[in-house]
Each structure stands twice: as structure tokens, then as C-alpha cells.
Amino acid sequence: MSWDVYLMKTASNREKDLEEVMEVVPMPCWRELKTMLHGRFPDLISGYAHLDEGIWFPVLSSPDYALEFNLAVEREDEPLRGILFSRPGCGERWAYPLKFLCELLDARIMDCGEGVFWDWENLPEWIAGGL
């Protein structure tokens with residue numbers, strides 16, 4: 001398992017690993033996604049993480065988790081092709097928002113290090129403990 005995970009949606013959402021993915025299905029744009037998430041996570045955008053290169057990442061945080069959203073889009077109205085989460089292991093319930101996003105968007109989480117998709121029913125304890 002790596003510290004980087006990628007949320008993506010495919011037509012079938014049944015691929016076992018990244019090599020089987022032929023096409024990624026667009027998801028809502030960031031502006032729409034913020035609105036969709038605000039009811040469940042009123043603290044959605046508690047700030048933005050800033051990188052030296054001038055890139056700003058929205059941050060979802062609470063006492064139980066902290067997630068940085070790497071959206072890979074230039075504008076808020078561009079459909080998202082995926083969301084990269086770097087170091088998603090902060091806080092006790094860090095996996096909960098990831099699972100919620102998967103359900104909301106009918107998407108999946110892929111481990112970037114291993115190139116395999118998470119199976120929410122058979123997670124290692126270090127991930128399942130964060131739900």
C-alpha cells in the first residue's frame with residue numbers, strides 16, 4: 001500500500017487493477033462536488049494547502065481526518081477525471097470521507113503504489129480502522 005490513492009470512475013467500475021482500465025468517466029466539476037459534499041461535510045473547505053509550485057489544494061478536515069484534494073484541473077467548472085489524495089492517513093476516521101466520495105460519485109479508490117482497487121469489504125485493518 002502506498003500513501004497516495006486515486007479516486008476514479010470507469011464505465012463498468014469492475015476492473016481488478018489499473019491495467020484493465022480503458023477509459024475514465026468524467027465526474028462532476030469541483031464547483032458541483034463542493035455543493036454535493038457540503039451537507040455531509042460542512043467543514044469541507046477548511047483551507048487550501050499550498051505547494052511551492054504555486055498550486056493550491058482544497059483541504060477537507062475535521063478532528064477525525066484531513067484530506068488534500070489534488071484535482072488536476074485548471075478551473076472549477078472542468079469535469080473531474082479523478083482526484084489524487086496524497087497521504088490520506090491523517091486522523092482516526094481518515095478513510096470515511098474516501099468511502100463516502102466513492103458512494104456519492106459511484107467511483108473507486110485505487111492504490112497508486114500497487115495499482116489495484118480497494119475492496120471495501122476486504123480492507124487491511126489499517127484502512128478499515130479509519131472508517
Side-chain angles (χ1 to χ4, degrees):
M1 285 287 196
S2 76
W3 282 104
D4 294 339
V5 295
Y6 191 75
L7 183 140
M8 73 170 69
K9 181 176 182 171
T10 65
S12 72
N13 273 337
R14 296 183 192 271
E15 299 85 357
K16 292 181 179 154
D17 57 45
L18 189 57
E19 291 179 2
E20 293 182 15
V21 175
M22 297 300 174
E23 184 178 358
V24 176
V25 176
M27 297 180 286
C29 68
W30 177 239
R31 183 179 309 138
E32 293 169 355
L33 183 55
K34 282 192 297 190
T35 301
M36 293 166 69
L37 291 172
H38 189 72
R40 173 73 88 177
F41 302 105
D43 55 351
L44 175 63
I45 303 304
S46 56
Y48 286 82
H50 180 252
L51 298 180
D52 293 336
E53 298 85 26
I55 299 172
W56 294 83
F57 293 115
V59 176
L60 171 65
S61 65
S62 81
D64 292 331
Y65 50 78
L67 295 172
E68 293 178 5
F69 288 65
N70 182 341
L71 305 171
V73 292
E74 302 265 332
R75 301 179 327 268
E76 283 195 352
D77 60 349
E78 283 182 64
L80 298 171
R81 294 281 183 183
I83 304 170
L84 178 68
F85 297 96
S86 297
R87 299 189 173 271
C90 299
E92 290 182 25
R93 296 196 63 209
W94 65 272
Y96 166 71
L98 295 175
K99 185 171 185 183
F100 180 81
L101 280 165
C102 286
E103 292 169 357
L104 179 70
L105 299 171
D106 188 27
R108 299 168 72 200
I109 293 288
M110 184 201 59
D111 180 282
C112 293
E114 296 181 7
V116 296
F117 291 96
W118 284 6
D119 174 359
W120 291 103
E121 303 299 319
N122 297 301
L123 291 172
E125 181 53 38
W126 74 273
I127 299 172
L131 292 175

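The figures that follow rest on heavy atoms only: side chains count, while hydrogens, waters and symmetry mates do not.
Counting only heavy atoms from C-beta outward, the side chains of Leu37 and Phe100 approach each other to under 4.5 Å. The shortest distance between side-chain heavy atoms of Arg81 and Pro26 falls below 4.5 Å. Side-chain contact between Leu105 and Met36 is present, with at least one heavy-atom pair separated by less than 4.5 Å.
Rounded to the nearest 0.5 angstrom, Tyr6 OH and Met110 CE are separated by 8.0 Å. How far CG of Leu84 is from CE of Met8: 10.0 Å, rounded to the nearest 0.5 Å. Rounded to the nearest 0.5 Å, atoms CG (Leu7) and CG (Leu80) are 9.5 Å apart. With values rounded to the nearest 0.5 angstrom, Met22 atom CE is found 8.5 Å from Glu15 atom CD. To the nearest 0.5 Å, atoms CD1 (Ile83) and NZ (Lys9) are separated by 12.0 Å. For the atom pair CG of Leu18 and CG of Asp111, the computed distance is 11.0 Å after rounding to the nearest 0.5 Å.
Every residue meeting the ring pair (Phe, Tyr, Trp, His ring centres under 6.0 Å) condition with Tyr96, not counting sequence neighbours, appears here in chain and number order: Phe41.
Hydrophobic clustering (side-chain heavy atoms under 4.5 Å, transitive across Ile, Leu, Val, Met, Phe, Trp, Tyr) groups Leu104 together with Trp118. Put simply, Phe117 and Leu123 are part of two different groups of oily side chains (I, L, V, M, F, W, Y) that touch within less than 4.5 Å, one to the next.
The minimum heavy-atom distance linking Trp120 with Ala95 is given by the pair CH2-O, 4.1 Å. Counting all heavy atoms, side chain and backbone alike, Glu32 lies closest to Pro28 at OE1-CB, 3.3 Å.
Taking the six-membered ring where the residue is Trp, the centroids of Phe69 and Phe85 are separated by under 6.0 Å.
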> Checking side chain to side chain contact (heavy atoms under 4.5 Å, CB included) for the pair Met27/Leu33: CA distance, chi angles, key distance, verdict?
Replying inline: CA-CA 9 Å; Met27 297 180 286; Leu33 183 55; over 6 Å; no
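Side chain of Asn13 to backbone of Asp106: a donor-acceptor contact under 3.5 angstrom is found.
Within the structure, side-chain hydrogen bond (donor to acceptor under 3.5 Å, both in side chains) contacts touching residues 16-26 (residues at least two apart or in different chains) do not occur.
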